[in-house]
Amino acid sequence: MKSRTGFRRPTQGSTLMLTVVVTALVGLVLVAYLSLIKHQNTINFRSQRWNSAMPLVEAGLEHALAHLTANLDMETGFGLDLARDGWVANGTGYTTTHRVGNDRYEVAILDYTPGKRNTPKIVSIGHVEAPLMAAAPAVAPGPFLAFAETGSPVSASQGAAATYLVRAVDVRCRLDPIWSKAMLAKDSLDIKGNDIRSDSFDSADPTMSVNGQYSPDRFRANGDIACNAGITNSIDVGNATIYGTVSTGPGGTVDLGPGGLVGDVTWTPTGDDRIQPGWFKDDMNVEFDPIIVPFNPDACLAPQPGWITNEVVHANTNMVYSPVYPVGVTSPITTNFTTAATYPPGVSPVITNTIIKNNTISYTYTYPVSYGYCPGGFITNTTAVYYDYVLTDNAGSESKWAIPNLVGTVYVSGNATLYVSTGINMTGQDVIHIGPNASLKLYMAGAKANLGGLGIVNEMGFATNFSYYGLPSNTSLSLAGNGTFTGTINAPQADLTLSGGGSTVTDIVGAAIAKTITLNGGFNCHFDESLTRGPVRGYIVAVWNELSPQQVNGFVSSAPAPLALPDVQPMP
């Protein structure tokens, strides 16, 4: 039997085709995967370089801040000319550039006028060379992509041109005044007593003072107190009334007694919380710079004792009367009396009085009128007081004196500086008397200082007329409640104790900086806001804005003077 063989279709072609298709799909997936990896690497490299631009930006910012501080009068806060040390004046500001390898930063200082207190703006721009695979962005720069620019090569090895990734910040700076708080402690601030308050006024503002002096009906709530420590109960307010903010270091807390109050002048607590919302802060972070003597104490002279004669001249308003005429007459008479501004020399005015008895004329007297007159002119009252130390000035310039120990009485008749090397112990009738139009800077190098006795008599009544500086070796300072204290205290390593007063409330006008501050007794602390316009530590950043890529794209160029940059947003 014969079997029929059927037709068999070939399958080799289909297998080949399937292999080709699968291979193509695998290749396509592999290409897509490799492209994804490449794109991811490109983004990673670009991101790394973009991030590396920020250190350059910050370096430019630090460079500008250092340049501003180096050209700053710390006593007045006035800025000097910045066109030095590689900075170039360019019409609207000052610019410089600095290269780090193939990268660079450009920085400009704007809104700055020499000879004034400034709030300058700093624009710092960092340029980093983009990696070759990420030299040009595939798309226009978006919110999270860096702006890229093409500029001249830094070196011949870069080729004809180099692509840079650019980031920039726009920063507004302000001066950091030494005196910004009524009381500032490094470690702790302890307020004891029931008659303590802190507020502020402005001796330079006639609406917030009376002839530059504190007035109870003109005060504000800027009597801030602060402590740099961030521990539990860094500040013990007790039962004091603080018209101002209370600040501690990060994590610090405030202990408030049942009678304590912290807030604005018009704020009244409605519940158990006696701190106005927003008036407690725990962001205090201040550098307590050590006090440095800006002169050579060994070159100073020792003050000598002497008599101080004070003359007080005032108008003569005393009335002088002539005798009443006639003298010795016992009969009833009528005496006429007149008053003249001045007694007429050589004139003897007379008047005739008729005496009447029993309705008949008895006799008539003629006699001079009784005169009352004021001599006019001025009267000078002169007093002389002996002082153990007399500090004068030198033809109007500041004089410098040095002694080992301060015990006794001191009179300051000019702008003087006194250096005390060992100790201060004022008791009894001891006093530091600062005369009219005089000032004293007192540098204390000894461990312990006691400003007791009659304390500090500041005739001018301005805090700037007396300044106490405690060197790092000065670890203790006590101030007795012996009348109003007007001045400033800067003793960052000293434990400051204010005591005394009893039932009498003592006024403390000015500001104080110390390691610890303790108040025992009744005190009214009045911070003079004009002190904030005095000595400064330098410049600090007040507002920081990073420019978006679109803003950088619109502002930056390859020129090394980025002066055409406007504010990113309205600056304070």
Side-chain angles (χ1 to χ4, degrees), residues 49-72 77 79-114 116-130 141-152 154 162-176 536 538-572:
R49 293 299 292 159
W50 185 70
N51 288 333
S52 67
M54 186 51 66
L56 281 175
V57 170
E58 293 177 348
L61 176 60
E62 292 292 337
H63 189 175
L65 285 172
H67 189 61
L68 283 167
T69 301
N71 294 279
L72 178 64
L80 307 177
D81 187 11
L82 299 180
R84 63 188 69 185
D85 300 327
W87 290 77
V88 179
N90 203 346
T92 58
Y94 302 84
T95 62
T96 192
T97 184
H98 187 74
R99 297 191 181 278
V100 181
N102 292 336
D103 303 331
R104 74 181 188 276
Y105 67 74
E106 297 171 339
V107 60
I109 300 175
L110 311 175
D111 299 342
Y112 182 91
T113 303
K116 294 185 178 180
R117 294 171 70 97
N118 296 280
T119 56
K121 180 174 74 170
I122 300 174
V123 178
S124 181
I125 306 172
H127 306 253
V128 294
E129 186 180 7
F144 303 105
L145 293 177
F147 164 67
E149 65 169 0
T150 301
S152 301
V154 176
T163 300
Y164 292 89
L165 302 180
V166 182
R167 294 180 74 176
V169 295
D170 182 353
V171 170
R172 180 66 68 175
C173 304
R174 67 172 177 84
L175 290 169
D176 182 21
V536 297
Y539 284 98
I540 59 175
V541 174
V543 180
W544 170 300
N545 290 303
E546 181 173 0
L547 303 182
S548 69
Q550 290 84 353
Q551 290 168 324
V552 175
N553 186 24
F555 297 151
V556 77
S557 68
S558 59
L563 286 178
L565 295 174
D567 282 328
V568 177
Q569 61 186 38
M571 307 293 283

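As a basis for the values below, the full set of heavy atoms in this structure was taken, side chains included, without hydrogen atoms, waters or symmetry mates.
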* Assess whether side-chain contact (heavy atoms from CB on, under 4.5 Å) is satisfied between His67 and Thr96, documenting all intermediate values. => CA-CA 11 Å; His67 189 61; Thr96 192; over 6 Å; no
Do you know which two heavy atoms are closest between [X] and [Y], and how far apart they sit?
X      : Y      : answer
Gly126 : Leu56  : CA-CB, 4.2 Å
Glu546 : Ala168 : CG-O, 3.3 Å
Leu110 : Gly93  : CD2-CA, 4.1 Å
Tyr94  : Ala83  : CE2-N, 3.5 Å
Pro120 : Tyr112 : CB-CD1, 4.2 Å
Leu65  : Cys173 : CD2-SG, 3.7 Å

* So, Tyr105 versus His63: side-chain donor-acceptor pair below 3.5 Å or not? -> yes
* To do: Please determine which of Arg167, Glu106, Arg99 meets the side-chain hydrogen bond (donor to acceptor under 3.5 Å, both in side chains) test together with His127.
  => Glu106
Any side-chain heavy-atom pair from [X] and [Y] closer than 4.5 angstrom?
X      : Y      : answer
Tyr539 : Asp176 : no
Ile122 : Leu68  : yes
His98  : Val107 : no
Glu129 : Asp103 : yes
Trp87  : Asp81  : no

Any donor-acceptor N/O pair, [X] side chain to [Y] backbone, under 3.5 Å:
X      : Y      : answer
Asn118 : Thr113 : yes
Thr69  : Gly538 : no
Asn71  : Gly79  : no
Ser124 : Val57  : yes

* Hey, could you give me the CG/OG1 distance between Leu82 and Thr95, rounded to the nearest 0.5 Å? => 11.0 Å
* To do: Could you walk me through whether Asp170 and Leu547 pass the side-chain contact (heavy atoms from CB on, under 4.5 Å) test, one step at a time?
  => CA-CA 7 Å; Asp170 182 353; Leu547 303 182; 4.1 Å; yes
